[in-house]
Amino acid sequence: MTVKTQTQLAAYNEVVKVAYFKILEATQKLISSVDDEELRYTLHRVDETTIAFGSKVHEFISPIIHLTLECNDGEQLSIHHTCRSIDEDYECPHLFARILRVVYRVTSAENTIIDIENCLELDCKTPVSMLLFKAILRDNDIYVFQTLPYKASI
């Protein structure tokens, strides 16, 4: 989307923000169904209220997924997501596919009042791993740690 006015940009960003928090809510519900407590560990970071190039508005990290609502293109928001590799041996290999379905369903042009399909950035080269998650948890005080409560199934 080529944004021409501040009004269009504000409307676009609001739709992206709503989609991000829907994705986040659905992701947390999916992760809560995982038996392994370590895979339900999460870190949250709420950062910038001003949307400007390079700012992060919100970030969610778990051993399974990394979601970020950020500004990488002028003042336009994007949703950056990285999932744990489906090749890795872990408890819920189907989770990756379910999360991706949510991401693409929530951001599809058919489900939004403004087309935001180009707001997505998928990073397949930087896998989320338990080692990375623990390093961030240990060395960073800008994140809030939470263990999602276990809920048997969704």
4.5 Å side-chain heavy-atom contact, [X] and [Y]:
{"X": "Thr112", "Y": "Thr107", "answer": "no"}
{"X": "Ile65", "Y": "Ile31", "answer": "yes"}
{"X": "Lys151", "Y": "Ser32", "answer": "yes"}

Hydrophobic cluster membership, [X] vs [Y], 4.5 Å side-chain cutoff:
{"X": "Ile114", "Y": "Val16", "result": "yes"}
{"X": "Val103", "Y": "Leu122", "result": "yes"}
{"X": "Val18", "Y": "Phe60", "result": "no"}

Original post:
In chain order, what residues pass the salt bridge (Lys or Arg N to Asp or Glu O under 4.0 Å) check against Arg45, with sequence neighbours excluded?
Top reply: Asp47, Glu59
**OP:** Could you tell me which residues satisfy salt bridge (Lys or Arg N to Asp or Glu O under 4.0 Å) with Glu75, sequence neighbours excluded, listed by chain and number?
**Re:**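 Here no residue qualifies.
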**OP:** Output all residues satisfying side-chain contact (heavy atoms from CB on, under 4.5 Å) with Glu121, sequence neighbours left out; order by chain, then residue number.
**Re:**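 Once residues adjacent in sequence are excluded, the partners of Glu121 under the side-chain contact (heavy atoms from CB on, under 4.5 Å) criterion are Glu70, Asn72, Ser78, His80.
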Original post:
Who are the side-chain contact (heavy atoms from CB on, under 4.5 Å) partners of Thr147, not counting sequence neighbours?
Top reply: Glu37, Arg40, Tyr41, Phe145
Nearest-0.5 Å distance, [atom1] of residue [X] to [atom2] of residue [Y]:
{"X": "Gln28", "Y": "Ile23", "atom1": "CD", "atom2": "CD1", "result": "12.5 Å"}
{"X": "His81", "Y": "Leu69", "atom1": "NE2", "atom2": "CG", "result": "12.5 Å"}
{"X": "Glu110", "Y": "Asp115", "atom1": "CD", "atom2": "CG", "result": "8.5 Å"}
{"X": "Gln76", "Y": "Cys119", "atom1": "CD", "atom2": "SG", "result": "8.5 Å"}
{"X": "Leu67", "Y": "Phe21", "atom1": "CG", "atom2": "CZ", "result": "10.5 Å"}
{"X": "Leu43", "Y": "Ile142", "atom1": "CG", "atom2": "CD1", "result": "10.0 Å"}

Original post:
Using the benzene-type ring in the case of Trp, are the ring centres of Tyr20 and His58 under 6.0 Å apart?
Top reply: yes
Original post:
Taking Glu25 for the side chain and Lys22 for the main chain, is one N or O donor matched with an acceptor at less than 3.5 Å?
Top reply: no
Original post:
Does Asn111 reach the main-chain N or O of Arg105 with its side chain, forming a donor-acceptor pair under 3.5 Å?
Top reply: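 The answer is yes, because a donor-acceptor pair under 3.5 Å joins these two groups.
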Original post:
With sequence neighbours excluded, what pairs up with Gln146 under the side chain to side chain donor-acceptor pair (under 3.5 Å) test?
Top reply: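 Side chain to side chain donor-acceptor pair (under 3.5 Å) list for Gln146, sorted by chain: His44.
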Original post:
Which residues pass the ring pair (Phe, Tyr, Trp, His ring centres under 6.0 Å) test with Tyr150, sequence neighbours left out?
Top reply: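 Scan of Tyr150 (ring pair (Phe, Tyr, Trp, His ring centres under 6.0 Å), adjacent residues dropped) gives none.
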Subject >> Minimal non-hydrogen separation, Pro63 against Leu39, with atom names >> reply: CB-CD2, 3.8 Å
